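Data first, discussion second: the structure below is written as structure tokens.
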Amino acid sequence: NFYAVIMAGGIGSRFWPVSRTAHPKQFIDILGTGKTLIQQTYQRFLKIVPPENIYIVTNNNYTQLVKEQIPELADEQILAEPVMRNTAPCVAYASHKIAMLNPDAAIVVSPADHLILDTDEFVRNINYSLDAASRMSCLITLGIKPSRPDTGYGYVQFTSQKLEGDLHKVKTFTEKPNLELAKTFVQSGEFLWNAGIFVWSAASIISAFEQHLPEMNDVFKEGDNKYNTDAERPFIQHAYYQCTNISIDYGIMEKASNVYVLPTDFGWSDLGTWASVYQLSEKDYLGNAVIPSDRVIMYDSANCMVNVPAEKLVILQGLDDYIVVESNNTLLICQKSQEQKVKQIVADVKSIY
Ligand code: GDD
Ligand code: MG
């Protein structure tokens, strides 16, 4: 009765120019491990659920990429969205479809673009949560101990009240707080980061949609007699346009009262920035992380993150603490400490070219 839904429809603008609208972060081998992030995510879930119970929800534009990177997927395991409406519709669609196949389903919903170092611990946590979710009506999120007041995350305030085991009742869920609030959260010691990995039964999440996003739920409920038939695709291609653009975090998690958090520690990173990729990459004795390394020559350079096409001959001299990335004939050289400017740079570049 266990299912996995991988959300893989985002665009990952911070990794520009390597991550582009046509080729976002989840489809890249960003750490140079030989596997793209979505391939790693898929393989992790193979250890938890049967292969035919893994679904990937992505944009129409990326279905071809998904098929190329995970050729063993059957067509019906790739759920294609005609427009980007963030993660709430993605979850609603997958939940209704799976509920029609198996009303007793328990589902883990996960981003496609995260790094998890300790797979065994991850598998243990997810198995436990899936089992709990199939016995009890609850929405489970996995929590990570925060190490800085990052404003790009959701924050869950946990209480000592427990559902069972280590499943703590969540008092508040705050998606992307401002910096001031994030600082208070981290200092208080009462908050965990929301890893963005959720576990629930199909019934619990559908009932949460009925309560908190009823119009969106109605849209997908109308498809209940069409899922898993030839009528599914045409129905979905039309249904998405009726959905508001909202994430599952704002739409459901902030509002629901039956949210529980499982504190976890499996070496998680959402690889949100080049600096985080740098931190996790293998480095030479001067602190340079170079992908790929055989045609990059460095003189007097240290602490750099270099990610360039394999065929490119690159020579660097005298660079300290820089990001050097090239893709699609676009080269970006930027101080590592200034990388938050990349978002603005991308916006500027897009308005010019
Ligand atoms: N199918 C589909 N459709 N997937 C989408 C869409 C969409 O329209 N938009 C985003 N996704 C996918 C992304 O590809 C990613 O794998 C996942 O959903 C999460 O979306 P992000 O855009 O990366 O969310 P976020 O990083 O801003 O915030 C979420 O993750 C944080 C942890 O990394 C939230 O859940 C936060 O609360 C959380 O802390
Ligand atoms: Mg993210």
Side-chain angles (χ1 to χ4, degrees), residues 4-15 19-21 23-28 30 36-42 44-45 55-63 65-66 77-95 97 108-116 139-157 170 172-177 182 185-186 191-199 216 220 236 239-241 243-254 256 259 261 264 268-273 276-277 343:
V5 171
I6 301 174
M7 305 181 287
I11 47 178
S13 61
R14 276 169 298 194
F15 284 98
S19 177
R20 293 223 163 166
T21 313
H23 207 107
K25 180 179 140 207
Q26 58 270 28
F27 302 111
I28 299 169
I30 210 154
T36 66
L37 292 172
I38 194 170
Q39 288 172 328
Q40 294 183 33
T41 305
Y42 175 76
R44 263 196 305 276
F45 284 121
Y55 291 88
I56 309 234
V57 192
T58 193
N59 194 270
N60 276 344
N61 296 327
Y62 305 142
T63 51
L65 267 175
V66 172
Q77 289 171 276
I78 305 174
L79 282 55
E81 303 170 301
V83 277
M84 278 187 66
R85 286 287 191 267
N86 217 313
T87 51
C90 149
V91 173
Y93 171 22
S95 308
K97 179 180 164 81
V108 49
V109 175
S110 159
D113 55 356
H114 291 178
L115 175 79
I116 282 150
L139 308 178
I140 300 174
T141 166
L142 302 197
I144 310 283
K145 198 173 180 325
S147 51
R148 55 177 191 280
D150 198 307
T151 55
Y153 294 147
Y155 286 74
V156 284
Q157 183 179 23
V170 169
T172 62
F173 186 114
T174 311
E175 177 65 6
K176 299 189 180 26
F185 287 173
V186 174
F191 288 78
L192 295 172
W193 282 338
N194 167 38
I197 302 166
F198 307 106
V199 182
M216 190 179 291
F220 290 101
I236 283 299
Y240 259 75
Y241 290 93
C243 293
T244 46
N245 186 320
I246 188 164
S247 74
I248 188 78
D249 317 279
Y250 285 117
I252 302 285
M253 302 311 287
E254 279 197 343
V259 179
V261 63
T264 55
W268 173 87
S269 169
D270 79 337
L271 300 172
T273 60
S276 67
V277 172
K343 247 188 172 165

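Atoms within a ligand are numbered from 1 in the order they appear, just like the ligands themselves. Heads up: numbering here begins at 1 and tracks the sequence. Since the structure is predicted, the reported quantities are computational estimates derived from the model, not experimental observations.
In this structure, T87 contributes its side chain and C90 its backbone to no donor-acceptor pair below 3.5 Å. Between the K25 side chain and the L271 main chain, a donor and an acceptor come within less than 3.5 Å of each other. Panel note: side chain Q26, backbone A8; a donor-acceptor pair is recorded below 3.5 Å.
Using a 4.0 angstrom heavy-atom cutoff, Y240 does not count as in contact with ligand 1. Ligand 1 lies out of reach of K25, whose nearest heavy atom is not under 4.0 Å from it.
What sits closest to atom 20 (O) of ligand 1 on the protein, heavy atoms only, is T87 CG2, 4.3 Å. Among protein heavy atoms, atom 4 (N) of ligand 1 sits closest to G9 N, 2.9 Å. In terms of protein heavy-atom proximity, atom 7 (C) of ligand 1 is nearest to N86 O, 3.6 Å. Shortest contact from atom 35 (O) of ligand 1 to any protein heavy atom: D249 OD1, 2.7 Å. In terms of protein heavy-atom proximity, atom 1 (N) of ligand 1 is closest to E81 OE1, 2.8 Å. Here the heavy atom of the protein found nearest to atom 30 (O) of ligand 1 is G196 CA, 4.4 Å. From the protein, the heavy atom lying nearest to atom 38 (C) of ligand 1 is N194 O, 3.1 Å.
In terms of polar-atom proximity, defined here as any N/O pair under 3.5 Å, V57 does make such a contact with ligand 1. The shortest N or O to N or O distance between G10 and ligand 1 is under 3.5 Å. At a 3.5 angstrom cut-off on N or O pairs, C90 does not count as close to ligand 1. Ligand 1 has no N or O atom lying under 3.5 Å from any N or O atom of P111, backbone or side chain. No N or O atom of F198 sits closer than 3.5 Å to an N or O atom of ligand 1. Polar contact with ligand 1: present for D270 (N/O pair, distance under 3.5 Å).
Residues meeting the side-chain hydrogen bond (donor to acceptor under 3.5 Å, both in side chains) test with T264, sequence neighbours left out: none. Not counting sequence neighbours, the partners of P82 by the side chain to side chain contact (heavy atoms under 4.5 Å, CB included) test are N60, I236, Q237, Y240, Y241.
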inquiry  = Assess the residue pair M216 and I246 against the criterion (side chain to side chain contact (heavy atoms under 4.5 Å, CB included)); give the C-alpha distance rounded to whole Å, side-chain angles, the decisive distance to 0.1 Å, and a yes or no.
reply    = CA-CA 10 Å; M216 190 179 291; I246 188 164; 3.8 Å; yes
key: Test side chain to side chain contact (heavy atoms under 4.5 Å, CB included) applied to Q40 and L115, step by step   = CA-CA 8 Å; Q40 294 183 33; L115 175 79; 4.0 Å; yes
request  = Using the side chain to side chain contact (heavy atoms under 4.5 Å, CB included) rule, take Y155 and F173 through it: C-alpha gap first, then chi angles, then the decisive distance, then the call.
outcome  = CA-CA 6 Å; Y155 286 74; F173 186 114; over 6 Å; no
message = Pair V261, F191 - check side chain to side chain contact (heavy atoms under 4.5 Å, CB included), show working.
response = CA-CA 10 Å; V261 63; F191 288 78; over 6 Å; no
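Relative orientation of the Y93 and F220 rings is parallel, given thresholds of 30° and 60° on the angle between their planes.
With 3.5 Å as the limit, one finds a donor-acceptor pair spanning the side chains of Y153 and D270.
Residue A112 has at least one heavy-atom neighbour below 4.0 Å for each of these atoms of ligand 1: 16 (O). Numbered from 1 in the order shown, with element, the atoms of ligand 1 that lie under 4.0 Å from a heavy atom of H114 read 33 (O).
To the nearest 0.5 Å, atoms CG (N194) and OG1 (T174) are separated by 10.5 Å. Distance check: F27 CZ to T58 OG1 gives 4.5 Å after rounding to the nearest 0.5 Å.
Put simply, atom 18 (O) of ligand 1 has protein non-hydrogen atoms near it, under 4.0 Å away. When distances from atom 24 (O) of ligand 1 to the protein are checked, no heavy atom turns up under 4.0 Å.
Between K176, E175, M7, it is E175 that holds the heavy atom closest to atom 37 (O) of ligand 1.
A heavy-atom distance below 4.5 Å is not found between the side chains of S110 and V5.
Only the backbone of A195 comes within contact range of ligand 1, with a heavy atom under 4.0 Å; no side-chain atom does. Contacts between P89 and ligand 1, counted as non-hydrogen atom pairs separated by less than 4.0 Å, are absent for every part of the residue. Here W268 has side-chain heavy atoms under 4.0 Å from ligand 1, and that is the only part of it that gets that close.
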